[in-house]
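Beneath this line is the structure, given in structure tokens, with notes to follow.
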Amino acid sequence: MEYNHKEIESRWQNYWRENQTYKTVENPDKKKFYVLDMFPYPSGAGLHVGHPLGYIASDIYARFKRQQGFNVLHPMGYDAYGLPAEQYAIQTGQHPEKTTNENIARYRSQLDKIGFSFDWSREIRTCDPEYYKWTQWAFMQMFNSYYDLDERKACPISRLTEHFSLHGSEGIHPAATKEIAFTAEEWNALSEKEQRERLMNYRIAYQGETMVNWCPKLGTVLANDEVSEGLSVRGGFPVEQKMMNQWCLRVSAYAPRLLDDLDTLEWSDSLKETQRNWIGRSEGAEMRFPVADKDIELEIFTTRADTIFGVTFMVLAPESAYVPMLTAPEQEDAVKAYLDEVKHKTERERQIEKKVSGVFTGSYAINPLTGKKIPVWVSDYVLAGYGTGAIMAVPAHDSRDYAFARHFSLPVIPLIEGADVSEQSFDAKEGKMINSCGPKLDLNGLDVKEAIAKTKKFIEEEGLGKVKVNYRLRDAIFSRQRYWGEPFPVYYKDGTAYLMEESALPLQLPAVSSYLPTEDGQPPLGRAENWTTPEGYPIELCTMPGFAGSSAYYLRYMDPHNDKALVSKEADEYWRNVDLYVGGSEHATGHLMYSRFWNKFLYDLGLVVEPEPFRKLVNQGMIQGRTNFVYRIKNTNTFVSHGLRKEYDTTPIRVDVNIVSNDVLDTEAFRSWRPEYADAEFVLEDGKYICGYAVEKMSKSMFNVVNPDDIVDRYGADTLRLYEMFLGPVEQSKPWDTNGIDGVNRFLKKLWGLFGKADLTAGKEMTREEKKAVHKLIRKITEDIENFSYNTSVAAFMIAVNDLTSLKSTNKDAMDIITRLIAPFAPHIAEEFWHRLGHEGSVVDAEWPEYDEKALVEDTVKYPVSFNGKMRFMVEAPATASKEDVERLALSDSNASRWLDGKTPKKVIVVPGKIVNIVI
RNA sequence: GCGCACGUGGCGUAAUUGGUAGCCGCGCUAGACUUAGGAUCUAGUGUCUGACGACGUGGGGGUUCGAGUCCCUUCGUGCGCACCA
């Protein structure tokens, strides 16, 4: 009987649906396992063949764990808020919900064809009120919390206000935007409005005037991870810096924990490194420099306290609050001119120019160690948002300070022995200190590391400053001037933000007449009628960013229909966190950081039991497109084959990969592809038209998109699944190449044939060879799945099937084991076999087979043979051979006589299974 | 510039983790069969050589009886961060 994938696959997909085979129910008697894919944004283009790669890998793992007896949670849903649907809505006037739902329906039908074991009863959509109620609810908890630096956790804001009213800011250390000191009397004297304003300084979800990434083209602000090299990640539009009053999340407060807990995770080193870079911990010292003739101290941050004797100038960021304080009257015009110049440059312009610029303030600081006067400058190479926005410049040992010093002819004092600073700075933290002796501190002769430690100690003792750890991680900007997102449960009374009651949740998106900003520049929600509370107070017009909905979605799958809580205590304590998370590494600094933060916040509140959301993470590689080219001879409609194109003057043209097979063009299909090619002529080689190719991003415009539906239709889902895994390691990026899929399809046909010929009589023992082939396979597949090494698994199946085919007879037990082993990879064909073998129920619950050590003993063992400890050759002996047999074999080898050269060995040592040592 | 990966046939890849490099598949070559196909089966396929054999894991060096694997160095590719003081 032929292998008919269409008939088999549709039959079992229906069976799974009718029997709710993949529905998961909490079961305290079974150990849990949570396998999660990063949920997709349902774009209008549908799935291409690259999307399912990670889903297939995780599905294999989920099915494997289920067969091992775990209660597996393997859900799927949609990250449904997003810019493309809104952009489309702006163009067409169609509600984004409509396009989103259409796209979701398309995704679902594509996913269903591949045979995933998702529990669809737990599906979630971020734009569903039942879901986003809890996104809004989490925001409210963050608004009502502050981060306590002493307890290293989030605490209720009421605790803070209570403390303020009793003791002022004394004796409590909340993470703050700005450090403010005040007494209880001062606090109590503030009006309610003023108190609320001050609390914004501490709330975890707070409103603040901050420098934001403003994208005029998208009409919205963006988070740091949504901007790359001065352009928006979505769309690639220029992004400028702008001060705006925005909702923010105090992610920075969690920086130390986000960093430390990375060590507890099973993530790839490179991804952890990326997060470490992004968090950017640096240990240093905050120091105060008195300003000459003024009652001001200039506070700076440095990691190189040891270089204090080489400070020849100070630099302030243009936005620094020190600038107006330190600008001398005679320099006022020059400083103002410089600030104007800087302000008009976008982030991108600043980056591209990389031109040294700056202006002298007219003031001098005093080096606290030498008493020398040093000039204070302003320059945009110092960032306002990092450290204190002011630095001490040591041109000899910092390349940026060096460039600045050379440009403005400022002095350079070398501090390290043998460092040549005539051409460039010496930035390395190594060497012996020189020129570093003052009245109270002598660093000369010390190693740099010792000098740093000694200086830090000194400045703490002398009260010149304090040791401090700084982080690069910034707070996340949480407002978007957009329509298609979660509304904030916030209204304004007299310009002050108030939270709504919890009973108002979910706060649903109102209808608007247009999705564009209003004429006076308000976000689209400004167009909504009656966008007020029942009392008539206006509601926030911004919506939440994409990461709001995706930050805690893994929790919601545990208890998706609960309308009393984000997740019930019982469900959370059972499922805890994600055991295996699969998704792209492009989320390293965005989603994966926000989710960890969000989870830690909920953990602090005692709402979840695990401090980290994703225990093990696997990043699947990107599947790139493999674009095919045809070569048109200039000014003609004649196309020349790839090998002959050099003989003509040609233009390469991208051609739809779906009319090309193994790089051979279907010339008829090409003629009917587009009207202008209807009368195309071809110059062939060997009777074929061969196309060229290049690896590019898979996209419609490159004509290189391969739709999984087409592959499933032609070869079946099982072939697609196996082939995607066979392509190479899951983590690796690679171009999609349909060439080669025949090999995998052939394997499935062989397996089908093997089953057809098998002797299904029960109770017959496997032969020795069968046993060996089958148990080798069990061991290999079990190891491979744990290691995510699916490409070698597929190879192992191929070998086993070839072995068994050549053995002629195959018995029932062997087929039974192979069926269980292949079930995670090719569930449809496995289900078919499972039922033909006479089993009840689904192969999903088939117990994973254990391998038999005895069946695995190799026939032969290889021994390295050494003479006086020097290895000379290898000899192969039967596994059952005795020491004496091995010795005899080694000595009778033709190599042995060469090395012995007629002598008799003094002694022969045989270590069973290891080595033969011959002493001459 | 700093950090992290990686470099093996014509191609995708594999190598019990230091033990005979190239498993499996694609492609290619030859043959068989045939209802002539984008089907199936058999054999071969790292390079050089008629053969024996020699050489082979980006280049150079080292450790070791033995190196794709470990160390140093150099070249190249990919990714992340980047005026972060």
Side-chain angles (χ1 to χ4, degrees), chain A residues 228-229 268-282 284-285 300-305 307 314-315 317 350-351 353-356 379-394 397-401 403-404 424 427 470-474 585-586 588-589 619 621-622 661-664 666 693 714 722-723 726-729 731-747 749-750 753 779-780 783 789 791-802 858 862-876 914-915 917:
Chain A
S228 177
E229 294 182 13
S268 74
D269 289 341
S270 69
L271 200 101
K272 284 189 189 179
E273 201 54 37
T274 301
Q275 289 219 338
R276 285 195 193 103
N277 276 338
W278 193 257
I279 296 166
R281 181 182 197 272
S282 65
I300 59 98
F301 175 75
T302 181
T303 53
R304 292 294 303 273
T307 58
M314 313 286 285
V315 190
R350 278 204 207 181
Q351 276 178 4
E353 282 181 22
K354 278 208 171 165
K355 203 173 69 189
V356 177
S379 172
D380 64 356
Y381 84 88
V382 173
L383 303 175
Y386 185 76
T388 61
I391 62 153
M392 64 178 214
V394 185
H397 302 290
D398 183 291
S399 52
R400 296 152 304 180
D401 297 346
F404 195 82
Q424 55 177 10
D427 290 18
N470 257 329
Y471 295 90
R472 205 181 68 94
L473 185 70
R474 307 290 165 79
S585 57
E586 67 271 19
T589 55
N619 291 120
M622 264 232 293
S661 173
N662 288 5
D663 290 336
V664 177
D666 181 339
Y693 75 89
R714 193 157 137 205
L722 282 168
Y723 185 58
F726 186 61
L727 225 42
E731 294 92 335
Q732 198 171 300
S733 287
K734 55 231 156 189
W736 175 265
D737 186 355
T738 309
N739 301 346
I741 198 167
D742 290 320
V744 170
N745 190 236
R746 206 168 290 145
F747 155 73
K749 286 179 185 163
K750 273 188 202 168
R779 184 172 65 177
K780 176 79 179 142
E783 279 174 10
S789 179
N791 54 331
T792 55
S793 300
V794 180
F797 279 122
M798 289 175 175
I799 295 168
V801 168
N802 281 342
E858 294 293 326
K862 282 171 207 148
Y863 288 85
V865 183
S866 75
F867 289 84
N868 294 343
K870 300 213 169 194
M871 209 277 265
R872 300 300 182 186
F873 62 92
M874 303 285 288
V875 70
E876 204 165 340
K914 291 269 182 192
I915 193 166
N917 203 346

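Predicted, not measured: the structure shown is a model, and the values here were computed from it. Proteins get letters first, then strands, A, B, ... in listed order; numbering begins at 1 in each.
In this structure, A:Ser270 and A:Lys749 both approach RNA chain B, and ranking their closest nucleotides by distance from the 5' end singles out A:Ser270. Nearest-nucleotide positions on RNA chain B place A:Asp737 closer to the 5' end than the other of A:Asp401 and A:Asp737.
Taking every heavy atom of both residues into account, A:Val315 and A:Val382 meet most closely at CG1-CG2, 3.6 Å. Across all non-hydrogen atoms, the minimal contact from A:Asn619 to A:Ser268 is OD1-OG, 4.1 Å.
When rounded to the nearest whole Å, the span between CZ of A:Arg276 and P of B:A5 equals 11 Å. Spacing between atom CH2 of A:Trp278 and atom C1' of B:C79 amounts to 15 Å, rounded to whole angstrom units. In this structure, A:Ile279 places its CD1 atom 14 Å from P of B:A82, rounding to the nearest Å. Between A:Lys734 atom NZ and B:C79 atom P the separation is 16 Å, expressed in whole Å. The CH2-P distance, from A:Trp736 to B:C11, rounds to 21 Å in whole Å. Summarising the geometry, the separation between CG on A:Asn277 and C1' on B:C79 is reported as 12 Å, rounded to the nearest angstrom. Computed from coordinates, the A:Ile799 CD1 to B:C24 P distance equals 6 Å when rounded to whole Å. In this structure, A:Arg472 places its CZ atom 8 Å from P of B:C81, rounding to the nearest Å.
Annotation: B:C4 and B:G61 have their P atoms spaced 27 Å apart (nearest Å). Between the P atoms of B:U47 and B:U63, the separation comes to 33 Å (whole Å). Comparing the C1' positions of B:C55 and B:A21 gives a spacing of 13 Å, expressed to the nearest Å. Between B:U57 and B:G46, the distance separating the two C1' atoms is 11 Å to the nearest Å. One P atom belongs to B:U64, the other to B:A14, and the distance between them is 31 Å to the nearest Å. Comparing B:C75 with B:G59, their P atoms sit 15 Å apart, to the nearest whole Å.
Although no hydrogens or angles enter the test, the distance criterion places a donor-acceptor pair under 3.5 Å between the side chain of A:Arg472 and the main chain of A:Asn277. Between the A:Asn470 side chain and the A:Ser282 main chain, no donor and acceptor come within less than 3.5 Å of each other.
Across B:C81, B:A14, B:G25, the shortest atom-to-atom separation from the side chain of A:Asn791 is found for B:A14. Of the candidates B:G3, B:C81, B:U40, B:G3 carries the atom nearest the A:Glu273 side chain, counting heavy atoms from C-beta on.
With a glycosidic angle no further than 90° from 0, B:G9 counts as syn. Under the 90° criterion around 0 for the glycosidic angle, B:U8 counts as anti.
Residue A:Lys272 is classed as having no contact, given no heavy-atom separation below 4.0 Å to the nucleic acid. Counting non-hydrogen atoms under 4.0 angstrom, A:Pro729 reaches the backbone sugars and phosphates but no base. Heavy atoms of A:Ile391 sit under 4.0 angstrom from at least one base atom. Residue contacts for A:Asn802: at a heavy-atom cut-off of 4.0 Å it reaches the sugar-phosphate backbone alone, with no base atom in range. Within 4.0 Å (heavy atoms only), A:Ser268 reaches no atom of the nucleic acid at all. Nucleic acid contact class of A:Arg281 (heavy atoms, under 4.0 Å, all strands): none.
In this structure, A:Asn745 does not reach the B:C26 phosphate: none of its side-chain N or O atoms is under 4.0 Å from OP1 or OP2. Close to B:G12, at under 4.0 Å from its OP1 or OP2, lies no side-chain N or O of A:Asn739. Between B:A85 and A:Tyr381, no contact under 4.0 Å exists linking OP1 or OP2 to a side-chain N or O. Here A:Ser733 does not reach the OP1 or OP2 of B:G78: none of its side-chain N or O atoms lies under 4.0 Å away. Applying the 4.0 Å criterion to OP1 and OP2 of B:C26, one finds that A:Arg746 has a side-chain N or O inside that range.
The OG1 atom of A:Thr302 sits 4.0 Å away from the CE atom of A:Met392 when rounded to the nearest 0.5 Å.
Between A:Phe301 and A:Tyr386, the angle of the ring planes goes over 60°, which puts this pair in the perpendicular group of the 30/60° scheme.
In this structure, a donor-acceptor pair under 3.5 Å is absent between the side chains of A:Asn745 and A:Tyr723.
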